[in-house]
Every structure is written in structure tokens, then in C-alpha cells.
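Remarks on the structure that follows.
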Amino acid sequence: MRHRMQGEQRLFYYPDIDRWQAWQHDVRDVVAAHDVSLLDGSFFADGELARDMSLIPHPLVTDTVERLDGLRDKALFIHLNHTNPLLDEGSVQRLWLRERGFDVGVAGMCWAL
């Protein structure tokens, strides 16, 4: 699958972050300022692992989507953990994500920037 963008486009790449609230920038503002953003999607939601997820330094996809509400077609989630249900193309979680205007990045995507 290839995703093409024409002209002078801006791509934001942040595949691994501890927590958005600990970052010095507002992720919503950064994503809005770019044409596409590739974001940390390590874990979909709380309870994905059999341990306290608050101790694992990655934002949950559900939390990131909530922060980015209204910024449809601006972000793709990458860097998914092997436990993330978004890895399953037909999962209800993938449908949930797409209904909100987001998707999962896949190998082979490219952008003309």
C-alpha cells in the first residue's frame, strides 16, 4: 500500500514517546500543523497487558485519539506492540479507529514531501 501526497507537504514522525502530557509541546497543535503524522501506537487501551499499564511509558492509542479529536485523516499509528489488537485488520478496534478518522501505518507507505 502506498500513500501519496503532492507538493510541499509536512510529515511529523514520533514513533516512541513516554507520555504526551510530559512532552513540552501540545501534540494536537503539532499534528494540526502537519499534513500527516506517524505516532506511537504501542498499546491500544488499558488492560492490554496483564500488568499495570500506567507503569509502561507509552500513550495509549485511545488517549491519543481523544486528544486529537476532530483532526481526521491527519495521523497514522505505528510502532504497535505485538499485543495491540490494531494489528488485526478486521478487529473492532481497527474499525473504531477508522470511524474516528485515523488508521494504522503499514510497511511500504511513502510520501512525496
Side-chain angles (χ1 to χ4, degrees):
M1 174 185 286
R2 297 169 73 83
H3 181 77
R4 293 230 177 246
M5 295 172 25
Q6 301 299 318
E8 301 220 3
Q9 305 290 317
R10 294 179 49 155
L11 183 139
F12 176 65
Y13 177 72
Y14 213 153
D16 189 1
I17 186 169
D18 288 350
R19 299 274 183 243
W20 294 122
Q21 58 269 35
W23 194 34
Q24 67 228 19
H25 305 283
D26 182 336
V27 66
R28 183 177 179 78
D29 293 340
V30 173
V31 169
H34 291 81
D35 298 288
V36 67
S37 295
L38 306 175
L39 304 176
D40 187 340
S42 297
F43 301 104
F44 181 74
D46 194 24
E48 188 173 318
L49 300 176
R51 58 191 245 205
D52 184 353
M53 300 276 299
S54 70
L55 301 176
I56 301 171
H58 290 283
L60 301 174
V61 169
T62 53
D63 293 338
T64 303
V65 166
E66 184 178 318
R67 286 176 183 274
L68 300 179
D69 184 44
L71 295 177
R72 298 183 69 83
D73 302 320
K74 297 284 282 181
L76 297 167
F77 289 93
I78 60 171
H79 188 244
L80 278 59
N81 190 60
H82 71 281
T83 59
N84 193 322
L86 292 176
L87 289 170
D88 179 1
E89 177 74 32
S91 70
V92 295
Q93 292 87 350
R94 182 79 75 103
L95 177 61
W96 176 90
L97 186 68
R98 287 181 175 151
E99 286 173 346
R100 283 150 184 80
F102 302 94
D103 212 338
V104 174
V106 296
M109 288 180 139
C110 65
W111 294 268
L113 304 174

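Along the sequence shown, residues are numbered consecutively beginning with 1. Small disclaimer: the values here were computed from a predicted structure and weren't measured.
In this structure, the side chains of Arg94 and Asp88 stay at 4.5 Å or more apart for every pair of heavy atoms. In this structure, the side chains of Phe102 and Val61 stay at 4.5 Å or more apart for every pair of heavy atoms. Taking the side chain as every heavy atom from C-beta outward, Leu68 and Trp20 never approach each other to under 4.5 Å. The shortest distance between side-chain heavy atoms of Val31 and Leu39 falls below 4.5 Å.
Residues Leu86 and Tyr14 share a hydrophobic cluster, clusters being chains of Ile/Leu/Val/Met/Phe/Trp/Tyr side chains in contact below 4.5 Å. A continuous path of hydrophobic side-chain contacts links Trp111 to Val106 [ILVMFWY only; heavy atoms under 4.5 Å]. Follow the hydrophobic side-chain contacts under 4.5 Å out from Leu87 and you reach Leu97 in the same cluster.
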Checking side chain to side chain contact (heavy atoms under 4.5 Å, CB included) for the pair Met109/Leu76: CA distance, chi angles, key distance, verdict?
CA-CA 11 Å; Met109 288 180 139; Leu76 297 167; 3.7 Å; yes
Mind running side chain to side chain contact (heavy atoms under 4.5 Å, CB included) on Val104 and Asn84 for me, showing each step along the way?
CA-CA 11 Å; Val104 174; Asn84 193 322; over 6 Å; no
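Distance alone, capped at 3.5 Å, places no donor-acceptor pair between the Arg67 side chain and the Asp26 backbone. Put simply, the side chain of Gln9 never gets that close to the backbone of Ala112: no donor and acceptor are under 3.5 Å apart.
Taking every heavy atom of both residues into account, Glu48 and Ser42 meet most closely at OE2-O, 4.1 Å. The nearest pair of heavy atoms linking Leu60 to Asp46 is CD1-N, 3.4 Å. Across every non-hydrogen atom of Ile56 and Arg19, the tightest pair is O-NH2, 2.6 Å. Ser91 approaches Pro85 most closely through the heavy-atom pair OG-O, 3.0 Å. Heavy-atom minimum distance, Thr64 versus Pro59: OG1-CB, 3.9 Å. The two residues Ile78 and Pro15 have their closest heavy-atom pair at CD1-CB, 3.7 Å.
The structure places CZ of Phe12 at 8.0 Å from NE2 of His25, a figure rounded to the nearest 0.5 Å. The line from OH of Tyr13 to CG of Leu38 is 7.5 Å long, rounded to the nearest 0.5 Å. Atom CG of Asp73 is separated from atom CZ of Arg100 by 14.0 Å, given to the nearest 0.5 angstrom. Separation of atoms CG (Asp40) and CD1 (Ile17) is listed at 8.0 Å; rounding is to 0.5 Å.
Contacts classified as ring pair (Phe, Tyr, Trp, His ring centres under 6.0 Å) and involving residues 59-82 (residues at least two apart or in different chains) are given here: His58-His79.
Around CD of Glu66, the count of heavy atoms belonging to other residues, nucleotides or ligands within 6.0 Å does not exceed 12.
A salt bridge links Arg98 and Glu89; the closest N-O separation between the charged side-chain nitrogens and carboxylate oxygens is under 4.0 Å. A salt bridge is absent between Asp35 and Arg10; no separation between the charged side-chain nitrogens and carboxylate oxygens falls under 4.0 Å.
The aromatic rings of Trp96 and Phe44 stand perpendicular to each other, their planes meeting at an angle above 60°, with 30° marking the opposite boundary.
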